[in-house]
Amino acid sequence: EAGVAQSPRYKIIEKRQSVAFWCNPISGHATLYWYQQILGQGPKLLIQFQNNGVVDDSQLPKDRFSAERLKGVDSTLKIQPAKLEDSAVYLCASSLGAPGLAVSSTDTQYFGPGTRLTVL
Amino acid sequence: AQSVSQHNHHVILSEAASLELGCNYSYGGTVNLFWYVQYPGQHLQLLLKYFSGDPLVKGIKGFEAEFIKSKFSFNLRKPSVQWSDTAEYFCAVNRYSGAGSYQLTFGKGTKLSVIP
């Protein structure tokens, strides 16, 4: 079974530039998550989708971050414009989800390799 | 603030030593608990999880964890570590965050270095 795919693996940009990350979840997984992991910290949830709908984006800095999952499969996370403090690893995860429910409490999340972003 | 605390930032052990990594959380109500591991150069992967039932759960590679509800703790243990256990370990709590949604909150992680 193929895992969660992410690209690019590394990205270096200057502050005020824009950047986009792509994620393809495990086939059949309804729920998709984006996390931000700053050096020395654990992953922090930015947004989660159930199919193509947003379930929780309470921790997404919406003035500069946006995410979409238009067809309910792959997803894109964008930062525009980037700041120095956005330097981090951006992780995508997916889980099976529960039919008819937003997210199951017992869902196991499977993580991709991440994209390491450096903002200069 | 509600949080997940991992007490040790970096643990260094010799092979065959016993391991215990602490994890405490501050959420009330029902929670589901996880330990994830990230080996060098690899992605985060599930080590074990607790949802209900026996508070002592066993995971992959000989790891186990004990849920103590009264102490809000979910400590990870292994009787005898190997060099291949060198990795970063994250405790995580899945809790209801409202609007039919559950949110996974991670601790800061504990880096384990095992010396051959």
Side-chain angles (χ1 to χ4, degrees), chain A residues 1-6 9-10 23 25-26 30-51 53-60 88-116, chain B residues 1-10 21 23-25 27 29-53 57 59-60 67 74 87-111:
Chain A
E1 175 184 88
V4 176
Q6 289 188 247
R9 293 295 309 276
Y10 304 91
C23 171
I26 292 172
T31 312
L32 185 147
Y33 313 78
W34 283 102
Y35 288 85
Q36 179 192 59
Q37 185 176 14
I38 292 171
L39 188 66
Q41 307 277 331
K44 176 186 132 183
L45 179 70
L46 293 175
I47 187 169
Q48 57 184 11
F49 294 91
Q50 176 82 353
N51 297 311
V54 175
V55 173
D56 185 348
D57 62 357
S58 57
Q59 299 190 99
L60 186 74
V89 176
Y90 290 85
L91 298 167
C92 179
S94 70
S95 65
L96 201 55
L101 297 176
V103 181
S104 166
S105 66
T106 58
D107 255 359
T108 295
Q109 296 183 27
Y110 297 86
F111 286 81
T115 297
R116 183 176 297 277
Chain B
Q2 296 178 323
S3 66
V4 180
S5 299
Q6 292 183 242
H7 313 299
N8 308 101
H9 177 62
H10 191 185
L21 301 182
C23 173
N24 285 90
Y25 62 93
Y27 304 109
T30 302
V31 294
N32 297 309
L33 301 160
F34 302 77
W35 276 97
Y36 279 84
V37 61
Q38 187 166 26
Y39 296 103
Q42 296 188 25
H43 56 271
L44 270 170
Q45 54 188 283
L46 183 68
L47 200 55
L48 51 77
K49 57 189 177 185
Y50 172 78
F51 296 152
S52 63
V57 292
I60 59 172
F67 170 53
F74 190 55
E88 191 156 16
Y89 294 81
F90 293 91
C91 180
V93 175
N94 203 16
R95 59 179 179 89
Y96 186 69
S97 61
S101 171
Y102 289 85
Q103 192 174 100
L104 192 63
T105 301
F106 286 84
K108 290 186 176 182
T110 297
K111 192 169 292 187

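Just so we're on the same page: letters track the sequence lines, and every chain starts at 1. The structure presented is a predicted model; accordingly, all values stated were derived computationally and were not measured.
With contacts defined as side-chain heavy-atom distances shorter than 4.5 Å, the pair A:Pro43/B:Phe90 qualifies. A heavy-atom distance below 4.5 Å is found between the side chains of A:Gln59 and B:Gln103. Taking the side chain as every heavy atom from C-beta outward, A:Tyr35 and B:Leu104 approach each other to under 4.5 Å. Between B:Tyr36 and A:Gln109 the shortest side-chain heavy-atom distance falls below 4.5 Å.
In the displayed structure, B:His10 atom NE2 is contacted under 6.0 Å by more than 12 heavy atoms of other residues, nucleotides or ligands. B:Ile60 CD1: more than 12 foreign heavy atoms inside a 6.0 Å radius.
The part of A:Gln37 that comes within reach of chain B is its side chain, from C-beta onward, which places non-hydrogen atoms under 4.5 angstrom from that chain.
Atom CG of residue B:Leu46 and atom CZ of residue A:Phe111 lie 9.5 Å apart, to the nearest 0.5 angstrom. Once rounded to the nearest 0.5 Å, the distance linking OG1 of A:Thr108 with NZ of B:Lys49 reads 3.0 Å. Separation of atoms OG1 (A:Thr31) and OH (B:Tyr102) is listed at 13.0 Å; rounding is to 0.5 Å.
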